[in-house]
Amino acid sequence: MEPIIEVKNIKKYYKVAKREKGLGATIKNLFHRKYEIKKAVNDISFSIKKGEIVGFIGPNGAGKSTTIKMLSGILYPDEGGIKINGYIPYKQRKQYVKHIGVVFGQKSQLNWDLPLIESFELMKYIYKIPEKVYEENLNKFTQLLDMKDFINQPVRQLSLGQRMRGDIVAALLHSPQIVFFDEPTIGLDVVAKEKIRDFIKYMNETEQTTIIFTTHDMQDIEKVCDRLIIIDTGKKIYDGSIVEIKNKYANSKTIEIWLEDGKKEVKTFDVNQTPMNEVMEELFSKYHIKDISICEPEIDGIVRDIYEKRVSLEPVVAGMGE
Amino acid sequence: MRTYLEFAIKKFQNKMTYRFDFFMEIVNTIITIVVYLCIYKALYGGTKDIDGITYQMVATNFVISMGLSNAFKFNEMFLQDKIHDGTITNEFLKPVNFTFRMLWENIGEGAFKIVFNFIPALIFTIFYTSFCPPKSIINFLVMLVSISLGYLILWLISFIVQTWSFWLFSVWGIITIKNVFVNILSGSLLPIWFMPDLLRKIISFTPFESIYFTPVRIYLGELSGRDILSGMAIQILWIAVLAIVANVFWKKGVKKLVVQGG
């Protein structure tokens, strides 16, 4: 299938004013400023097929937001090209944005003083959604996200979880083909997160919506995404499936054993260095074991290792994950 | 068009939620108008007219220009706030023209204040002092059109200054100074009739005269026939000039935002 999103070697450099400490330097700065070049995005490429659901992660300051901004058309790349759904986002912004939806977890686009439903109505006019489609989508979404109780309340009285659900609906009412979620679960409780994840999955499965998802919550990624792109310091360092990253980079496994006298022992080992049966043999000969459980490596731990550079990823082969 | 009208309607509804605010604004409008009327009543001290300008004319000028300038106030830090907190990028993700959206939201706010601020204040002051009636019903209707044009001039001046927040950290100071200029030169504090000839001549070359003074003169019948047309032609000319200037700043600012990332 033709990719719906194609990103080729994009780069974005920011010019940052360099500030030195001290009064003298401050005064000097008034007249003569030194600039530093910060490479926010440094040669990133990937392509995404229609109906894919991709997790986009990286530590703070890795260049995630800059990339999302370029993908959504509000920032020009310095070099490289982006083609999404036949449009060049930053050049054909006005036509392009009709086909996408963007949800920012930290910036609401709802009208603070008016009931939620009024903000939805406004979307109907902004995107010129046909009445029938609007009614259908609204009914479906409010039911799925369980919003009947608060749809007539002013947004300022809503809880964060309720507001977030409102924001998601507002961004999807016009049935966009591509949706960018920028930290949609930030600050939410477990139940609210679960609801949002289910909804995103549902949209992807039933409407074939292509979804790009940034988050710091690895549970989000594990439960929702099929594919993972990790970026750090402006470069793509991983692009592939979640199963793959687990198999490849989960160096250590943990075995928990409960002994007959009720004590618990935990053993962590590296499968690449000591094969499983060696470890087992050793354990069986040493203890009287009542129960045993092998913990699968958590994606959380893997990503932490990657961020902290405890594991080095192989250089990403172009076209990987396709 | 329907989309932008919706923005205006939503803003109108928005304003409805702050009832205390709007009661205070009515009181504010009434107090300012009454205070100025008292001053001018005292200055006239029973004299019928000064250079052909009667107290009634001055009072009419005040109620229209001062009353409307209160009603036409809107949040001039809007763009700066949007730029500072980064939410301006959200606006670019919608298939609407952001400038028109801003204009229509402000129009919605203005409409709200005319209905719930200007008209109540007007009714109150009618009991306090007497005004000139409009020269004719046609003059009155033409004045309404002229006021709308005046509003656009006022809005464009504000918008131009607001776009400077793409480059400056704060435009608050500039906006305050701009408002002093607008209030004085548009004749809402001191009627333009009483200004020194030289100053009056200078003002006639600025857009300020077109904001309130042209509508007032149409209402009073000071302008008639061809003068009305030329007065309104000047208003339209200023709108065109200011719109071009605004567009240049806006385009440059947006370019800076999308190229440099704000």
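Proteins get letters first, then strands, A, B, ... in listed order; numbering begins at 1 in each.
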Can you tell me how far apart [atom1] ([X]) and [atom2] ([Y]) are? Round to the nearest 0.5 Å.
{"X": "A/Asn111", "Y": "B/Lys11", "atom1": "CG", "atom2": "NZ", "answer": "7.5 Å"}
{"X": "B/Glu6", "Y": "A/Ile126", "atom1": "CD", "atom2": "CD1", "answer": "9.5 Å"}
{"X": "A/Leu122", "Y": "B/Lys94", "atom1": "CG", "atom2": "NZ", "answer": "8.0 Å"}
{"X": "A/Asp113", "Y": "B/Met16", "atom1": "CG", "atom2": "CE", "answer": "13.0 Å"}

Under 3.5 Å, is there a donor-acceptor pair between the side chain of A/Lys12 and the main chain of B/Val259?
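Judged by distance alone, yes, a pair lies under 3.5 Å.
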Which bit of B/Phe7 is near chain A, if near means a heavy-atom gap under 4.5 Å: side chain, backbone, both or neither?
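Interface part for B/Phe7: both.
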More than 12 foreign heavy atoms under 6.0 Å from [atom1] of [X]: is that the case here?
{"X": "B/Trp167", "atom1": "CH2", "answer": "yes"}
{"X": "A/Lys91", "atom1": "NZ", "answer": "no"}
{"X": "B/Phe124", "atom1": "CZ", "answer": "no"}
{"X": "B/Phe181", "atom1": "CZ", "answer": "no"}
{"X": "B/Lys178", "atom1": "NZ", "answer": "yes"}
{"X": "A/Lys39", "atom1": "NZ", "answer": "no"}
{"X": "A/Lys83", "atom1": "NZ", "answer": "no"}

Side chains of A/Phe104 and B/Leu93 in contact at under 4.5 Å (non-hydrogen atoms)
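Yes, their side chains come closer than 4.5 Å.
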Anything in residues 61-90 of chain B with a heavy-atom distance to chain A below 4.5 Å? Please list those residues in order.
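From residues 61-90 of chain B, the residues near chain A are B/Asp85, B/Gly86, B/Thr87, B/Thr89, B/Asn90.
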Residue part contacting chain B, namely of A/Thr66, when any heavy atom lies under 4.5 Å
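Answer is neither: A/Thr66 stays 4.5 Å or more from chain B.
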Would you mind telling me which of [options] has the largest number of heavy-atom pairs within less than 4.5 Å of chain B?
{"options": "A/Arg93, A/Gln106, A/Lys98", "answer": "A/Arg93"}
{"options": "A/Glu118, A/Met70, A/Lys15", "answer": "A/Glu118"}
{"options": "A/Asp78, A/Ile100, A/Ile74", "answer": "A/Ile74"}

Heavy-atom pairs under 4.5 Å with chain A, option from B/Val254, B/Asn14, B/Val96, B/Leu5 with the top count:
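Result: the option with the highest number of such pairs is B/Asn14.
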